[in-house]
**Q** 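Have a look at this one before I ask anything.
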Amino acid sequence: MAERPRNGVLTDYNVPFIEQRADPYVYRHTDGTYYFTASVPAYDRIILRSAKTLEGLRNAEETCVWMKHESGDMSEHIWAPELHYVMGKWYLYFAGSRAEDKWRLRPYILECTGQDPVKDTWIERGMIQKSDDDIYSFQAFSLDATVFEHRGEWYYVWAEKVSVGVQISNLYIARMETPTKLATAQVLLTTPDYDWERVDIWVNEGPAVLRHDGKIFLTYSASATGECYCMGMLSIGENEDLLDPRAWKKERYPVLRSDREKGFYGPGHNSFTKLPDGRDVCIFHARTYLEIIGDPLYDPNRHTMAMEVKWDDNGYPVFEYENMLFQNKQ
């Protein structure tokens, strides 16, 4: 069988920002440097790119900063790394499983020994540690951790499966004590309530944080990883208690989904960054074709895309494919 084209069918909108990089994460540091990491198709390493501009990331040199183990923990399915600068140091938060048990996903941490995350050495810090009073977290399939700071406190948000049989993936939040340990027990933020979160499998995963005009928005991804994959959203006022699940508002419908006319299939697992002029950008992955041969999870052509986030009159983000960046460059 002939190999599928890497870009599928290109339209005026769906030109990839970076090819074959899923679960993309872009971080803009205080000095203006942009950093990029993502899942690679082989799921066997963690890579970083850096550039002075967002657009510069697309052709930036890619450095492998860590490789999976041969066996045991962190030896299979190295997924969704995120680069964060927490309490004065660089950290990579990611998920990994075991070659002997490939669905035993757990969240792990790397710590950089210096201030240059691309060139300096990374050391393993093991799994994130739950709080002393938490007997539940990270006992089952857990992945897609993100961290963010709010009013001097750091928070950790992740996906974890619960129940028996065919498990359900929920999103949880906890306050952090250190970059490697949680201070509070888990709080359930969202479970797959709606039909669009329950296609093939019941999933909420891939959280990402966006702030605007006194609100905190938390996007996430839902359903299986084919065309049905899409983005949902929660929001909360910046003065509310982030650990109060009743203070969060969940949107009834997805905020970004597949569009066959424009050539986007399975958009999701996004992150947010800013341009130097303050405009917000949504970095997400999507395919450019519908038909997938075999398991969608192992199809390599989830490409990184870049979309400018617009804002409506109520101060809510608007995600539209008409606002894609770098459309005419390949």
Side-chain angles (χ1 to χ4, degrees), residues 1-26 34 36 38-41 49 51 53-60 62 80 196-197 199-200 206 208 210 219-233 251 253-275 277 279-312 316-330:
M1 183 176 295
E3 182 180 356
R4 186 185 302 282
R6 291 178 67 173
N7 283 333
V9 178
L10 295 184
T11 69
D12 290 338
Y13 303 93
N14 67 353
V15 175
F17 177 45
I18 298 175
E19 291 185 11
Q20 293 194 331
R21 293 294 178 262
D23 313 322
Y25 189 84
V26 172
Y34 287 89
F36 170 83
S39 300
V40 302
R49 300 183 186 194
T53 65
L54 178 61
E55 187 173 7
L57 289 174
R58 67 189 322 173
N59 294 314
E62 194 165 270
W196 50 272
E197 301 173 296
V199 182
D200 294 336
L210 176 65
T219 57
Y220 63 93
S221 299
S223 289
T225 57
E227 184 186 16
C228 58
Y229 205 54
C230 59
M231 278 170 48
M233 190 173 73
E251 297 301 310
Y253 299 101
V255 294
L256 188 66
R257 64 195 319 167
S258 294
D259 186 322
R260 294 190 179 189
E261 181 180 344
K262 293 182 173 63
F264 292 90
Y265 300 92
H269 204 121
N270 68 294
S271 61
F272 294 102
T273 190
K274 284 184 177 291
L275 295 174
D277 61 9
R279 288 180 291 160
D280 293 291
V281 177
C282 176
I283 306 292
F284 65 99
H285 75 230
R287 293 185 180 86
T288 56
Y289 51 78
L290 174 60
E291 183 183 354
I292 298 170
I293 300 171
D295 188 337
L297 189 60
Y298 301 106
D299 179 285
N301 294 317
R302 292 184 292 176
H303 303 309
T304 295
M305 308 286 187
M307 170 194 292
E308 182 181 348
V309 180
K310 301 290 188 176
W311 298 92
D312 68 17
Y316 275 69
V318 176
F319 304 96
E320 294 181 339
Y321 293 123
E322 288 80 359
N323 299 323
M324 295 298 296
L325 298 175
F326 318 124
Q327 293 178 17
N328 298 319
K329 299 178 182 179
Q330 301 187 45

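In this chain, numbering begins with 1 at the start of the sequence shown. Just so you know, these numbers use all the heavy atoms, side chains as well, and skip hydrogens, waters and symmetry mates.
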**Q** Tell me whether R58 contacts the main-chain N or O of P16 through its side chain, where contact means a donor paired with an acceptor under 3.5 Å.
**A**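 Yes; at least one donor-acceptor contact below 3.5 Å.
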
**Q** So, for P317 and L210, which heavy atoms are closest and what is the spacing to 0.1 Å?
**A**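 P317 and L210 have their closest heavy atoms at CB-CD2, 4.1 Å.
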
**Q** Side chain of H303, backbone of Q20: donor and acceptor closer than 3.5 Å?
**A**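 Confirmed, H303 side chain pairs with Q20 backbone.
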
**Q** Say you draw a straight line from CD of E261 to OG1 of T11; how long is it, rounded to the nearest 0.5 Å?
**A**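 Here the rounded value is 9.0 Å.
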
**Q** Please report the closest heavy-atom contact between V318 and W311, naming both atoms and the distance.
**A**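 Closest pair (atom of V318, atom of W311, distance): CG2-C, 4.3 Å.
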
**Q** Check the pair F264 / T288 against side-chain contact (heavy atoms from CB on, under 4.5 Å), numbers first and verdict last.
**A** CA-CA 5 Å; F264 292 90; T288 56; over 6 Å; no

**Q** To the nearest 0.5 angstrom, please state how far the CD atom of E55 sits from the CG atom of L57.
**A**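 Nearest 0.5 Å value for the CD-CG distance: 10.0 Å.
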
**Q** Using side-chain contact (heavy atoms from CB on, under 4.5 Å), reason through M305 and I283 one step at a time and then give a plain yes or no.
**A** CA-CA 6 Å; M305 308 286 187; I283 306 292; over 6 Å; no

**Q** Test side-chain contact (heavy atoms from CB on, under 4.5 Å) on T273 and Y25; report intermediate values, then the result.
**A** CA-CA 9 Å; T273 190; Y25 189 84; over 6 Å; no

**Q** Using distance alone, with no hydrogens and no angle criterion, decide if Y289 and D299 have a side-chain donor and acceptor under 3.5 Å apart.
**A**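 Yes - a donor-acceptor pair under 3.5 Å links their side chains.
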
**Q** Should C228 and D200 be marked as a side-chain contact (heavy atoms from CB on, under 4.5 Å) after you check the CA-CA gap, both sets of side-chain angles, and the distance that decides it?
**A** CA-CA 9 Å; C228 58; D200 294 336; 4.3 Å; yes

**Q** If we ignore angles and hydrogens, is there a donor and acceptor under 3.5 Å between the side chains of N270 and T219?
**A**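 Distance-only check passes for N270 and T219.
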
**Q** So, Y34 side chain and K274 main chain: donor-acceptor pair closer than 3.5 Å or not?
**A**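 Yes.
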
**Q** Inspect the contact between E227 and R287 and indicate whether a charged nitrogen and a carboxylate oxygen are less than 4.0 angstrom apart.
**A**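 No, this pair does not count.
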
**Q** Which heavy atom of A22 sits nearest to which heavy atom of A38, and what is that distance?
**A**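 Nearest pair, atom of A22 first, then A38: O-CB, 3.1 Å.
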
**Q** Is there a donor-acceptor pair under 3.5 Å between the side chain of S221 and the backbone N or O of G206?
**A**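 No.
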
**Q** Against the six-membered ring of Y321, is K262 placed for a cation-pi contact (under 6.0 Å from the centre, within 45° of the normal)?
**A**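 Output no; distance or angle outside limits.
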
**Q** How many angstroms lie between CG in L275 and CG in D280, if you round to the nearest 0.5 Å?
**A**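 CG of D280 is found 8.5 Å from CG of L275.
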
**Q** Dump the intermediate steps for side chain to side chain donor-acceptor pair (under 3.5 Å) on E197 and Y220, then the final yes or no.
**A** CA-CA 10 Å; E197 301 173 296; Y220 63 93; 2.8 Å; yes

**Q** Which atoms form the tightest heavy-atom contact between A51 and G56, and what is the distance?
**A**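 For A51 versus G56, the nearest heavy atoms are CB-C, 3.5 Å.
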
**Q** Give me the one residue out of S39, P300, P41 that meets side chain to side chain contact (heavy atoms under 4.5 Å, CB included) with R21.
**A**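 It is P41, the one option of S39, P300, P41 that forms the side chain to side chain contact (heavy atoms under 4.5 Å, CB included) with R21.
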
**Q** Fit a plane to each ring of F326 and F17, take the angle between them on a 0 to 90° scale, and name the class: parallel (under 30°), tilted (30 to 60°) or perpendicular (over 60°).
**A**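 Correct class here is parallel.
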
**Q** How long is the gap from OG on S223 to CH2 on W196, to the nearest 0.5 Å?
**A**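 Nearest 0.5 Å value for the OG-CH2 distance: 8.0 Å.
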
**Q** When rounded to the nearest 0.5 angstrom, what is the spacing between CE in M307 and CZ in F319?
**A**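 That separation rounds to 8.0 Å.
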
**Q** If you round to the nearest 0.5 Å, how far is CE of M233 from CG of L256?
**A**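 One finds 11.5 Å between CG of L256 and CE of M233.
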
**Q** Please find the pair of heavy atoms, one from L297 and one from T225, that lie closest to each other, and give the distance.
**A**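 So the minimum-distance heavy-atom pair works out to N-OG1, 3.8 Å.
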
**Q** Quick one, S258 and P267 - any side-chain contact, counting heavy atoms below 4.5 Å?
**A**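 The answer is yes; the side chains approach within 4.5 Å.
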
**Q** What is the minimum heavy-atom distance between M231 and C282, and which atoms define it?
**A**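 In terms of heavy atoms, the two residues are closest at CE-SG, 4.4 Å.
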
**Q** Would you find a donor on one side and an acceptor on the other, under 3.5 Å apart, between the side chain of R49 and the backbone of E62?
**A**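 Side chain of R49 to backbone of E62, a donor-acceptor pair under 3.5 Å: no, none is there.
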
**Q** Measure up the H285 and Y229 rings against each other and bin them: parallel (under 30°), tilted (30 to 60°), perpendicular (over 60°).
**A**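 Correct class here is parallel.
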
**Q** Can a donor-acceptor pair be found, under 3.5 Å and without considering hydrogens, that links the side chain of N14 to the backbone of G263?
**A**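 Here the side-chain-to-backbone pair exists.
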
